[in-house]
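Bear in mind that the values here come from a model prediction, so they are computed numbers and not experimental data. In what follows, chains carry the letters A, B, and so on, assigned in the order in which the sequence lines appear, proteins first and then strands, with residues in each chain numbered from 1.
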There are 2 protein chains.
Amino acid sequence: MEREKKVKKRDSRVTIRDVAKRASVSISTASYALNNNPNVSKETRKRVLDAARELNYYPNASARNLKTNKTGNIGFFIYGFDGPIFGDILEGVNLELQKANYNIVVSSGISSAVLLREQQVDAAIIFDSNLEDETIYNFAKRNVVVLLDRTLKDKNIYDFQVENKEIVCVLLEEIIAKGYKKIAYLSGPIESPSNQERFACFEETLKRHKMETFKFYEGDFTINTGYKVGVKIAKSGDWPDFVFCANDESAIGLINAFNEFGIDVPNDISVAGFDGILLGEYIKPRLTTIQIDYKTWGYNIAQFIISYLQKQKEAIINKPTAKIIYKESTK
Amino acid sequence: MEREKKVKKRDSRVTIRDVAKRASVSISTASYALNNNPNVSKETRKRVLDAARELNYYPNASARNLKTNKTGNIGFFIYGFDGPIFGDILEGVNLELQKANYNIVVSSGISSAVLLREQQVDAAIIFDSNLEDETIYNFAKRNVVVLLDRTLKDKNIYDFQVENKEIVCVLLEEIIAKGYKKIAYLSGPIESPSNQERFACFEETLKRHKMETFKFYEGDFTINTGYKVGVKIAKSGDWPDFVFCANDESAIGLINAFNEFGIDVPNDISVAGFDGILLGEYIKPRLTTIQIDYKTWGYNIAQFIISYLQKQKEAIINKPTAKIIYKESTK
DNA sequence: TTGTAGGCGTTATCAA
DNA sequence: TTGATAACGCCTACAA
């Protein structure tokens, strides 16, 4: 019975206490050594680090976070795990964060709101329109937020929209120059800022040439809806000669429908998209698109957050590059 | 000066202390109320919850985790953010975890190892062969681990491999029945267990029919390498009449190369893959494949973890269903 | 039913 | 250069 009491608590982790004991120093000295604090002698540091290694010690994150009020984690919150562009952004973000010893933590759905509310991350990158503005504002009271899916104005909140304006205009100018007359638009969700910007540029360029939007088809950025719109167009008989799609996925759905109905792309109807996703290179005909360098975008976002958190310098936002890639879906 | 001292610390969050004060109860009562502990009167609970809402209180995760030695987070660690099957598994996992109030946390690269070592998650799902066995063993001393990419034997460690055996045999049987004679294999990474299992079934079935592997091409599960192999085959002139690829992505690269070199798929060479990824439906010819229900797999994994953590019952592992989908890439 | 108090594992202040 | 000790915010015996 007596002996039982002295037994180490079942399951208990190695703590800094154990390390200190093994290195024959006080807890505080151990902490200094482990955190590279300069005021600890070289020999002591070595003893402590050795002990830590021998005991396979790793700090308890909760305790550290509670004390320092930091987590070292950066959250990336997305609306779903299967979006084709997230992969690239995330790779860029992660590569860069690793260099600065931040951890990336990706989440989606309710989890995202919980992690934000309980401040389990030091900074948040948000690409999920399901997250409520209020949750974001609240998190931003004490932490930095980068928005990719909307625009909010407040201290600590920054938005990194893709640069749509110029590049969509350029594409449309070139399309008009090629002689297309009946130019239509397949939208994303109406309220999406990206969609709105892209459509604004679309309309503006047409207007500059005294042309009218041949048709405005409502979509939602998905292949499925793109397909449905394609079927409707095919059946209608009232065909445009060019459809600019707000993103690649809807363009791919559209082309799929056209293929099925024997509509010749690009000769009957030409199609272009936006994003430059991998899938666009594997469909037939391959998709003309505006290619965004999402990986670099991710890299830039991570850079921004790091310099913000470390307050090294005025953090600067770099827009990702965009370029037009002509493939066989246009003449 | 005096006044300065009394000012609330800049930036400080709302704590349970503030809630207790506003509800005029002690901290412990507030805690009980917030955690649905039964021994607190209805009115008191209401007062506390109201106060929490009014103050916009959310618990400090670090403090809670430190005390309870739990995080409520389940980690999913992957080798990269752009794998086409992760999206589906993750959706399934997340949907199920949400119901049980667990948060999903996805990470990759060094971050994964850190999160595991510092035990920032209560359970880990691992699909990243870059993570070292030792890191996993260590984490598993106190937590449950589900492996999707390898097999390790230890307390708390479980592996959920896709069921490759039966279904690959069935496909090969059917292929042989169709009269293919020169049947080749395009592998994944040689050391990958999935690849090994699939190849074992492949070889076994051929052997049963007294056939030999026409060629073994080494790949690595990527489109790029699949493409390179395809080019090599095209140039060699020594063609198989059927290539079974260890996954869809390599099959897609292969077909792409064949298309470029004017090899007729399926008539010159037929191709089949494994996974059933979206891309396979959009290439020409569409890819014959073994389709795995990855979303359900994710669902099952989450179920397993939840019942394990809650020790409700003997946790049971359900394998995901697999079925063969014939498309135009085979005769 | 409610309150008091101790401690989870760290970091960091202060004194030695 | 090192060590004792007080927090960080929360949960939970135990006492009232």
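- Taking 4.0 angstrom as the limit, A:Thr29 places a side-chain polar atom (N or O) nearer than this to OP1 or OP2 of D:dG3.
- Each end of the helix from C:dT1-D:dA16 to C:dA16-D:dT1 gets its own axis, taken as the rotation carrying the C1' atoms of four end pairs onto the next four within a five-pair window, and the two axes meet at 40° to the nearest 10 degrees.
- Rounded to whole Å, atom P of D:dC11 lies 10 Å from atom CG of B:Asn60.
- Looking at heavy-atom distances under 4.0 Å, B:Asn37 makes no contact with the nucleic acid at all.
- Rounded to an integer number of Å, the gap from NZ of B:Lys42 to C1' of C:dT1 is 16 Å.
- Across the protein-nucleic acid pair, A:Gln119 atom CD and D:dG9 atom P stand 12 Å apart, rounded to whole Å.
- Distance, A:Tyr58 OH to C:dG9 P: 18 Å, rounded to whole Å.
- Between A:Lys70 atom NZ and C:dA12 atom P there is a gap of 8 Å when expressed in whole angstrom units.
- Between the side chain of B:Ser28 and the base of C:dT4, at least one donor-acceptor pair of N or O atoms lies under 3.5 Å.
- A:Ile16 has its CD1 atom 17 Å from the C1' atom of C:dG7, to the nearest Å.
- With hydrogens and angles left out, the side chain of A:Lys67 and the base of C:dA12 share no donor-acceptor pair within 3.5 Å.
- The CG-P distance, from B:Asn36 to D:dC11, rounds to 12 Å in whole Å.
- To the nearest angstrom, C1' of C:dC8 lies 15 Å from CZ of A:Arg64.
- Proximity of B:Ser31 to the phosphate of D:dT12: no side-chain N or O atom is located under 4.0 Å from OP1 or OP2.
- Looking at heavy atoms from C-beta onward, A:Arg64 lies in side-chain contact with B:Glu118 at the 4.5 angstrom threshold.
- For the pair A:Asn69 and A:Asn65, the minimum side-chain heavy-atom distance is 4.5 Å or more.
- A donor-acceptor contact under 3.5 angstrom links the side-chain atoms of A:Tyr32 to the base of C:dT13.
- Two rings, from B:Tyr158 and B:Phe304, have their centers less than 6.0 Å apart.
- Side-chain contact, A:Ser28 with A:Ser31: no donor N or O sits under 3.5 Å from an acceptor N or O.
- Proximity of a side-chain donor or acceptor of B:Gln161 to a complementary backbone N or O of B:Arg150 within less than 3.5 Å is detected.
- Nucleic acid contact for A:Thr68: sugar-phosphate only, since backbone atoms but no base atoms lie under 4.0 Å from a heavy atom of the residue.
- At C:dG9, none of the side-chain N or O atoms of A:Thr15 fall inside 4.0 Å of OP1 or OP2 (strictly under the cut-off).
- In this model, no donor atom of one side chain and acceptor atom of the other lie less than 3.5 Å apart for A:Asn143 and A:Asp122.
- Among the atoms of the strands shown, none is found under 4.0 Å from any heavy atom of B:Ser62.
- The residues A:Asp50 and A:Arg53 are annotated as salt-bridged, a charged nitrogen and a carboxylate oxygen being separated by less than 4.0 angstrom.
- A:Ser41 has a side-chain polar atom (N or O) that falls below the 4.0 Å cut-off from OP1 or OP2 of D:dT2.
- Nearest-nucleotide mapping onto DNA chain C: of B:Pro38 and B:Leu66, the residue sitting toward the 5' end is B:Pro38.
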Could you pull out all donor-acceptor pairs under 3.5 Å where a side-chain atom in residues 96-108 of chain A meets a protein atom, sequence neighbours excluded?
| from | atom 1 | to | atom 2 | distance (Å) |
| --- | --- | --- | --- | --- |
| A:Glu96 | OE1 | A:Lys99 | NZ | 3.0 |
| A:Glu96 | OE2 | A:Gln303 | NE2 | 2.5 |
| A:Asn103 | ND2 | A:Asn73 | OD1 | 3.0 |
| A:Ser107 | OG | B:Ile104 | O | 2.6 |
| A:Ser108 | OG | A:Ile78 | O | 2.9 |

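- Residue-level contact check: B:Asn65 touches neither bases nor backbone, having no heavy atom under 4.0 Å from any strand.
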